[in-house]
Amino acid sequence: MTLDDIARRLDLLEAKQAIADLIHAGARANDRKDLDGMRACYWPDAITWHGGYKGPSAGFIDYAVPIIERCLQAAHHVSNVLIEVQGDRALAESHYFAHHRRPAASGSGEEDAFFEGRYIDVLERRDGEWRIVLRRGISDFSGAVPATTPYAAWPQGAHSLPWPDDEFYRIARAFRAGEPLV
């Protein structure tokens, strides 16, 4: 194996890891209502086609804000991430499963909404940074059931919060600054 072969393999591995990290960071940003984090996943000229929206990705984030703002709690899980890299372009397919705790559509109480599907992403590396240029969301399942315990009854301080109040951001700041974590 030549040094060029090793360099190509290393570039491929680094690209795949950066892309997987980006896809997962987007899910976290969605859960934490971190709009800047969501925007950082897309190039300014990116297009999103997901659900009832087809257009610029920046517009999709604006379209999604009222949906995620209604959520009392959200958890998006991304798995089965498969990535094909061709130079500075890549194709990724991943499965998502999302749970939204939200006010019930009936107007009374709360409900747990569940969504399953896939993201098909085309990404580009520009100046060494990977971001999405096209996201096609495929929805395979959605449904909601009445909540058995109200969100207000969940234990305080033991569950996720929106950006910037979530424990991840506090611990990450301390970790990065070399400060005590607790």
Side-chain angles (χ1 to χ4, degrees), residues 4-51 53 56-65 67-68 71 73-100 114-140 159-179 181-182:
D4 285 343
D5 292 334
I6 294 169
R8 277 191 293 278
R9 291 176 114 181
L10 180 58
D11 182 62
L12 177 64
L13 291 171
E14 288 177 335
K16 286 185 172 192
Q17 187 62 56
I19 292 165
D21 287 350
L22 178 77
I23 291 168
H24 290 113
R28 178 179 63 211
N30 194 331
D31 292 341
R32 302 286 63 81
K33 302 177 185 179
D34 178 357
L35 302 182
D36 289 339
M38 291 170 67
R39 287 185 186 95
C41 295
Y42 300 90
W43 288 114
D45 57 336
I47 300 295
T48 294
W49 180 7
H50 188 57
Y53 181 87
S57 296
F60 177 77
I61 293 168
D62 294 336
Y63 168 84
V65 166
I67 296 166
I68 64 173
C71 291
Q73 179 72 19
H76 291 75
H77 303 274
V78 181
S79 65
N80 298 5
V81 180
L82 298 173
I83 302 164
E84 178 181 328
V85 178
Q86 293 181 354
D88 289 333
R89 291 177 44 91
L91 174 67
E93 177 190 40
S94 53
H95 290 251
Y96 68 83
F97 176 81
H99 169 215
H100 292 180
F114 301 95
F115 310 91
E116 290 182 40
R118 293 178 296 134
Y119 297 130
I120 302 167
D121 295 322
V122 177
L123 305 97
E124 289 183 1
R125 177 170 44 191
R126 301 177 186 172
D127 295 322
E129 180 180 3
W130 286 98
R131 291 192 191 186
I132 298 167
V133 294
L134 171 69
R135 170 162 278 181
R136 176 66 169 107
I138 307 292
S139 299
D140 293 325
H159 53 83
S160 300
L161 297 171
W163 176 91
D165 300 319
D166 188 72
E167 279 293 289
F168 170 80
Y169 300 103
R170 184 193 64 75
I171 292 171
R173 281 189 301 272
F175 173 81
R176 292 172 185 143
E179 297 171 353
L181 304 178
V182 290

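Hydrogens, waters and symmetry mates are skipped; everything else that's a heavy atom, side chains included, is used.
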Nearest 0.5 angstrom please: [X] [atom1] to [Y] [atom2], how far?
{"X": "Ile19", "Y": "Asp121", "atom1": "CD1", "atom2": "CG", "value": "9.5 Å"}
{"X": "Arg135", "Y": "Ile120", "atom1": "CZ", "atom2": "CD1", "value": "10.5 Å"}
{"X": "His95", "Y": "Leu82", "atom1": "NE2", "atom2": "CG", "value": "7.5 Å"}
{"X": "Glu124", "Y": "Trp43", "atom1": "CD", "atom2": "CH2", "value": "8.5 Å"}
{"X": "Asn30", "Y": "Ile67", "atom1": "CG", "atom2": "CD1", "value": "9.5 Å"}
{"X": "Glu84", "Y": "Gln86", "atom1": "CD", "atom2": "CD", "value": "5.0 Å"}

Residue list, ring-ring contact (aromatic ring centres under 6.0 Å, His included) with [X], at least two apart or on another chain:
{"X": "Tyr96", "value": "His50, Tyr119"}
{"X": "Phe168", "value": "none"}
{"X": "Tyr63", "value": "Tyr53, Phe60"}

Checking [X] now: which residues fulfil side chain to side chain contact (heavy atoms under 4.5 Å, CB included) with it, not counting sequence neighbours?
{"X": "Glu116", "answer": "Phe97, Phe141"}
{"X": "Ala174", "answer": "Glu179, Leu181"}
{"X": "Arg39", "answer": "Leu35, Asp36, Ile61, Asp62"}

List the atom of [X], the atom of [Y], and the distance in Å for their closest heavy-atom pair.
{"X": "Lys33", "Y": "Ile68", "result": "CE-O, 2.9 Å"}
{"X": "Tyr42", "Y": "Ser57", "result": "CD2-OG, 3.4 Å"}
{"X": "Gly37", "Y": "Ala29", "result": "C-CB, 3.6 Å"}
{"X": "Val78", "Y": "His24", "result": "O-NE2, 3.5 Å"}
{"X": "Gly26", "Y": "Cys41", "result": "CA-SG, 3.6 Å"}
{"X": "Ile132", "Y": "Leu134", "result": "CG2-O, 3.4 Å"}

Where the side chain of Trp130 meets the backbone of Leu22, is there a donor-acceptor pair that is under 3.5 Å apart?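 Absent.
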Selection residues 159-168 - residue pairs positive for salt bridge (charged side-chain N to carboxylate O under 4.0 Å, His left out), sequence neighbours left out: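 Matches after skipping sequence neighbours: Arg32-Asp166, Glu167-Arg170.
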With sequence neighbours left out, which residue pairs that include part of residues 4-22 fulfil the salt bridge (charged side-chain N to carboxylate O under 4.0 Å, His left out) condition?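 Counting only pairs at least two positions apart or across chains, the salt bridge (charged side-chain N to carboxylate O under 4.0 Å, His left out) contacts touching residues 4-22 are Asp5-Arg8, Asp11-Arg125.
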Counting only heavy atoms not in Trp163, do more than 12 sit closer than 6.0 Å to its CH2 atom?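 No, because the 6.0 Å sphere around CH2 of Trp163 holds 12 heavy atoms or fewer from other groups.
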For Phe175, look at atom CZ and say whether over 12 heavy atoms of other residues, nucleotides or ligands are found less than 6.0 Å away.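 Not more than 12 within 6.0 Å, no.
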Please identify each residue that fulfils side-chain hydrogen bond (donor to acceptor under 3.5 Å, both in side chains) with [X], with sequence neighbours left out.
{"X": "Arg118", "answer": "Glu93"}
{"X": "His99", "answer": "Asp112"}
{"X": "Asp31", "answer": "His76"}
{"X": "Arg28", "answer": "none"}

Student check: side-chain heavy atoms of Met38 and Val65 closer than 4.5 Å: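 No, their side chains stay 4.5 Å or more apart.
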